[in-house]
Amino acid sequence: MKAHGEARATPTGPRIVPAARRIGEFLLWLVFDGYFTTHVSGLDNVPEEAVATLVAANHVSSLDVFAAGHAVKRPGFFLAKREATEIPLFGPFLKGLGAIPAERDGRDMQAVKDMLKVLERGHLLGVAPEGTRSPDGRMQPFDPGFVWLAARTGAVIVPCAIHNSWALMPKNAPYPKPGPLWVRFGPARSIDDRRPDADKSAAIANAVRRDIESMLRDLVRETGRPNPAV
């Protein structure tokens, strides 16, 4: 997620660097309001700063995290492949934008600790509960790990539907095509149980997935553009 203001999780943990933020905002503006045309709706469902917020989005394209980051209007953090954060110059810049390095196998305990720190301090964290990009544009099952993060920190979960990114840049495409994108945020969900069991966590994850499916159906109907996910 992009940052519109400075946000720091801990002095030594994930943080957003103001200079990187300003450069990132400008680049995202060039891409998502220049090369693409991005339509954003439902921003009133994203709580104001200081409210711990976990934005859960569908993930079919490399564009998704940046599209959601461009759309949301508050500082935020997001997971990134550790390899990307270790690239000279680009890696530090990515972390300055709010990237949290994570191993691909999903068992990176340092990344988990960093995500908890971010949410405990009332920041916003963007996640893709599918874990990786869909190979065919359809939504994959949601890992309920994000529910555990929200439950432990008291964060609200905001579902985020990203429409048409698959058509512009499917997995393995060398570059994106210009065109319109839609990003819609749904009503936030609160979790009243700080330690939900596996069944309850899975049920909440599936409910968030259905929220996103519902928004995608609405977007398909409103835009006239198909989406493999619905």
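Sequential numbering from 1 along the given sequence is applied to the chain's residues.
Placement of Ile191 and Val51 in two distinct hydrophobic clusters is found when ILVMFWY residues are connected by side-chain heavy-atom separations under 4.5 Å, directly or transitively. Leu216 and Val60 are members of different hydrophobic clusters when ILVMFWY side chains are connected at heavy-atom separations under 4.5 Å. Note: the hydrophobic cluster containing Ile16 also contains Leu54 (ILVMFWY, side chain heavy atoms under 4.5 Å, direct or indirect links).
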Passes side-chain hydrogen bond (donor to acceptor under 3.5 Å, both in side chains), Thr53 versus Arg74? Steps please. CA-CA 10 Å; Thr53 304; Arg74 56 174 284 193; 2.9 Å; yes
Go through it in stages, so that I can follow the logic: the residues are Arg133 and Ser62, the test is side-chain hydrogen bond (donor to acceptor under 3.5 Å, both in side chains), and I'd like the CA-CA distance, side-chain angles, deciding distance and then a yes or no. CA-CA 8 Å; Arg133 284 171 293 165; Ser62 295; 2.9 Å; yes
Check against side-chain contact (heavy atoms from CB on, under 4.5 Å), Val220 and His163: CA-CA 8 Å; Val220 167; His163 177 50; 3.7 Å; yes
From CA spacing to verdict: side-chain contact (heavy atoms from CB on, under 4.5 Å), Val112, Trp148: CA-CA 11 Å; Val112 172; Trp148 178 85; 3.9 Å; yes
The test is side-chain hydrogen bond (donor to acceptor under 3.5 Å, both in side chains); show your working for Asp33 and His70 and say whether it passes. CA-CA 9 Å; Asp33 285 328; His70 176 65; 3.0 Å; yes
Tell me, with the steps shown, if Trp182 and Thr38 meet side-chain contact (heavy atoms from CB on, under 4.5 Å). CA-CA 6 Å; Trp182 287 265; Thr38 306; over 6 Å; no
Check the pair Leu125 / Val127 against side-chain contact (heavy atoms from CB on, under 4.5 Å), numbers first and verdict last. CA-CA 7 Å; Leu125 173 67; Val127 299; 3.9 Å; yes
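Side-chain N or O atoms of Thr153 include one that pairs as donor or acceptor with a backbone N or O of Leu149 at under 3.5 Å. A distance-only check finds a donor-acceptor pair linking the side chain of Asn58 to the backbone of Ile162 [under 3.5 Å]. Remark: the backbone N or O of Lys200 is paired with a side-chain donor or acceptor of Asp197 at under 3.5 angstrom. Counting only distance, with no hydrogens or angles, the side chain of Tyr35 and the backbone of Pro176 share a donor-acceptor pair below 3.5 Å. Without hydrogens or angle criteria, Gln140 side chain to Arg138 main chain gives a donor-acceptor distance under 3.5 Å. A donor-acceptor pair is defined here as one N or O able to donate and one able to accept, closer than 3.5 Å; no such pair exists between the side chain of Glu103 and the backbone of Asp108. Judged by distance alone, with hydrogens and angles left aside, the side-chain atoms of Thr85 form a donor-acceptor pair with the main-chain N or O of Arg82 at under 3.5 Å. A side-chain donor-acceptor contact under 3.5 Å links Asp64 to the backbone of Ser61. In terms of modelled atom types and a separation under 3.5 Å, the side chain of Asn45 and the main chain of Phe185 share a donor-acceptor contact.
To the nearest 0.5 angstrom, Ser41 atom OG is 3.5 Å from Arg184 atom CZ. Here the straight-line distance linking atom CZ of Phe146 with atom CD of Glu130 works out to 10.5 Å at 0.5 Å rounding. Atoms NZ and CG, from Lys73 and Asp44 in turn, are 13.5 Å apart once rounded to the nearest 0.5 Å. Distance check: Asp114 CG to Arg15 CZ gives 13.5 Å after rounding to the nearest 0.5 Å. Here the CZ atom belonging to Arg209 is positioned 4.5 Å from the CD atom belonging to Glu213, to the nearest 0.5 angstrom. Atoms OG1 and CG, on Thr223 and Asp218 in that order, are 10.5 Å from each other to the nearest 0.5 Å.
Here the shortest heavy-atom pairing between Pro101 and Lys95 reads CG-CD, 3.9 Å. The shortest heavy-atom contact between Pro129 and Ala57 is CD-O, 3.5 Å. Of all heavy-atom pairs between Ala102 and Leu79, the closest is CB-CD2, 4.0 Å. Minimum interatomic distance between Ala71 and Val40 (heavy atoms only, all atoms of both residues): CB-CG2, 3.6 Å. Across every non-hydrogen atom of Trp166 and Pro228, the tightest pair is CD1-CG, 3.6 Å. Listed here is the closest heavy atom pair of Leu168 and Pro178: CD2-O, 3.8 Å.
When side chains are defined from C-beta on, Met139 does not count as touching Val230, because their heavy atoms never get closer than 4.5 Å. Counting heavy atoms from C-beta outward, Leu97 and Phe77 have side chains that stay 4.5 Å or more apart. Contact check for Val183 versus Cys160: side-chain heavy atoms found under the 4.5 Å cut-off. For the pair Phe78/Leu94, a side-chain contact is recorded, criterion being any heavy-atom separation below 4.5 Å from C-beta on. Contact check for Leu124 versus Leu119: no side-chain heavy atoms found under the 4.5 Å cut-off. In this structure, the side chains of His39 and Pro180 come closer than 4.5 Å at one or more pairs of heavy atoms. Considering only heavy atoms from C-beta on, Leu28 stays 4.5 Å or farther from Glu25 through its side chain. Residues Arg217 and Asn227 fail the side-chain proximity criterion, which asks for heavy atoms closer than 4.5 Å.
In this structure His59 satisfies the ring-ring contact (aromatic ring centres under 6.0 Å, His included) test with no other residue, sequence neighbours excluded.
Surrounding CG of Leu89 are at most 12 heavy atoms belonging to other residues, nucleotides or ligands under 6.0 Å away.
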